[in-house]
Amino acid sequence: MRTNFEPEEPSQAYLDEVLCILRDALSGDLLGLYLHGSAVQYDFRSETSDIDLLGLVSGPLVEARKFELVSRLAHCAKPVPAAGLEIILVPASAVKEPVFDLPFEFALSTGVSWPTQSEPSATSSDIVIHIELCRQSGRALFGPSPKEVFGSVDRALLCRALIEELRWHKKDLLRQRSESTLENAVVNAARSVLVAESGRLVSKSEGARDWLRRFPNDDLVSRALACRLGEDFAPINQASVEAFLDKAIELVSDRLD
């Protein structure tokens, strides 16, 4: 099978620089920093992937420190050698016994084609997915090993978070209709079904491959995976993606019973 997708490693120099900025801005309040997502799942390509970081802090962060992080980590100040950077800082106490609406102190997304956006302190359900991914395969850039600091996520809790993420995909399709947005929704939906069944947080590409092993004639997932791998593919129909998301939500919801 021809593929243009060659998994890479994110720039270690860039990761070191981000860690240096975080430690400088937060001083002793930064307790750990963990790389997760495609970068640790042999599914990373700098042109299309983002660098996912989850940081642990000792407590609330003052606004001046958050402003400093935005100004120093924004793509215009520190160019991201990937499609984007997503970093979330959470209280270390919150990751020991994860809950659905998990609090975070700071969130930043920035990149080549992304507007730089930061979020104030709030709660989010998708952090539960990040925590379990860190626990299973994350890499410590600073701090103790992931299994020492991240508590195990209950399967039902993980399924609830996956459902919320799939619902977000449906809303996101109303705002963005690019091939990459459609492809990402499909492969993540396939991955979510496998995660709900097995508890293993595999890569999105592996989730799609697993789906195709079971349903080899699924043209939508086949085209989405081809798009992700940089192969030739037929255009993806949005209505079909929405229907597939509904199917995935139903299958993941069945695991709550």
Side-chain angles (χ1 to χ4, degrees), residues 9-44 49-74 78 80-82 84-111 117-154 157-158 161 165 199-201 203:
E9 291 285 335
S11 166
Q12 186 60 51
Y14 176 76
L15 294 175
D16 291 343
E17 290 172 355
V18 170
L19 174 59
C20 183
I21 290 171
L22 287 166
R23 296 186 71 175
D24 182 52
L26 303 179
S27 188
D29 287 333
L30 181 69
L31 304 180
L33 185 66
Y34 301 86
L35 179 68
H36 64 95
S38 61
V40 296
Q41 296 179 311
Y42 201 61
D43 202 28
F44 179 86
S49 302
D50 52 291
I51 295 172
D52 295 298
L53 295 172
L54 186 62
L56 304 183
V57 293
S58 59
L61 302 178
V62 298
E63 292 303 313
R65 288 186 169 184
K66 297 178 184 180
F67 180 81
E68 180 181 354
L69 290 176
V70 173
S71 64
R72 295 178 67 180
L73 291 173
K78 179 66 62 178
V80 184
L85 167 70
E86 289 193 337
I87 181 168
I88 301 176
L89 302 180
V90 302
S93 59
V95 303
K96 295 179 180 179
E97 296 183 4
V99 296
F100 184 69
D101 289 315
L102 197 136
F104 65 90
E105 281 298 314
F106 174 79
L108 171 71
S109 61
T110 187
Q117 296 181 320
S118 63
E119 297 182 50
S121 302
T123 62
S124 174
S125 61
D126 63 354
I127 300 177
V128 167
I129 303 172
H130 302 331
I131 287 174
E132 185 60 17
L133 205 161
C134 280
R135 197 184 70 83
Q136 290 186 20
S137 57
R139 175 156 65 94
L141 302 179
F142 169 68
S145 69
K147 290 188 177 180
E148 289 182 59
V149 294
F150 294 104
S152 179
V153 177
D154 176 81
L157 175 58
L158 184 59
E165 186 173 60
R200 294 186 302 112
L201 267 159
S203 71

Is there side-chain contact between E132 and F150, with heavy atoms separated by less than 4.5 Å? no
Rounded to the nearest 0.5 Å, how far apart are CG of L15 and CG of L85? 9.0 Å
Measuring from atom CD1 of I129 to atom CD of E165, what distance do you get when rounded to the nearest 0.5 angstrom? 4.0 Å
Listed pairs under 3.5 Å, donor-acceptor, residues 95-105 side chains, sequence neighbours left out:
{"unit_1": "E105", "atom_1": "OE1", "unit_2": "L61", "atom_2": "N", "d": "3.1"}
{"unit_1": "E105", "atom_1": "OE1", "unit_2": "S121", "atom_2": "OG", "d": "3.3"}

Please tabulate, for side-chain N and O atoms in residues 27-38, each donor-acceptor pair with protein atoms closer than 3.5 Å (sequence neighbours left out).
{"unit_1": "D29", "atom_1": "OD1", "unit_2": "S58", "atom_2": "OG", "d": "2.9"}
{"unit_1": "D29", "atom_1": "OD2", "unit_2": "R65", "atom_2": "NH1", "d": "2.3"}
{"unit_1": "Y34", "atom_1": "OH", "unit_2": "P144", "atom_2": "O", "d": "2.7"}

Note: S49 and A82 closest approach over all heavy atoms is O-CB, 3.5 Å
Does anything in residues 141-152 form a side chain to side chain donor-acceptor pair (under 3.5 Å)? List the pairs, not counting sequence neighbours. S145-E148
Is there a side-chain contact between R135 and V149 (heavy atoms, below 4.5 Å)? no
Tell me, with the steps shown, if H130 and I88 meet side-chain contact (heavy atoms from CB on, under 4.5 Å). CA-CA 10 Å; H130 302 331; I88 301 176; 3.9 Å; yes
Supply the atom-to-atom distance Q41 CD to D52 CG, rounded to the nearest 0.5 angstrom. 9.5 Å
Steps toward side-chain contact (heavy atoms from CB on, under 4.5 Å) verdict (L54, I131): CA-CA 8 Å; L54 186 62; I131 287 174; 4.2 Å; yes
Would you please test F106 and S118 for side-chain contact (heavy atoms from CB on, under 4.5 Å) and show each step? CA-CA 7 Å; F106 174 79; S118 63; 4.2 Å; yes
Rounded to the nearest 0.5 angstrom, the CZ-CD distance for F44 and E9 is 9.0 Å
L89 and side chain to side chain contact (heavy atoms under 4.5 Å, CB included): which single residue from L53, L69, L108 fits? L69
Give the C-alpha distance, both sets of side-chain angles, the deciding distance and a yes or no for side-chain contact (heavy atoms from CB on, under 4.5 Å) between L133 and V40. CA-CA 9 Å; L133 205 161; V40 296; 4.1 Å; yes
So, does E86 use its side chain to make a donor-acceptor pair with the main chain of S109 at under 3.5 Å? no
Look up atom CD in E68 and atom CD1 in I21, then write down how far apart they are to the nearest 0.5 Å. 9.0 Å
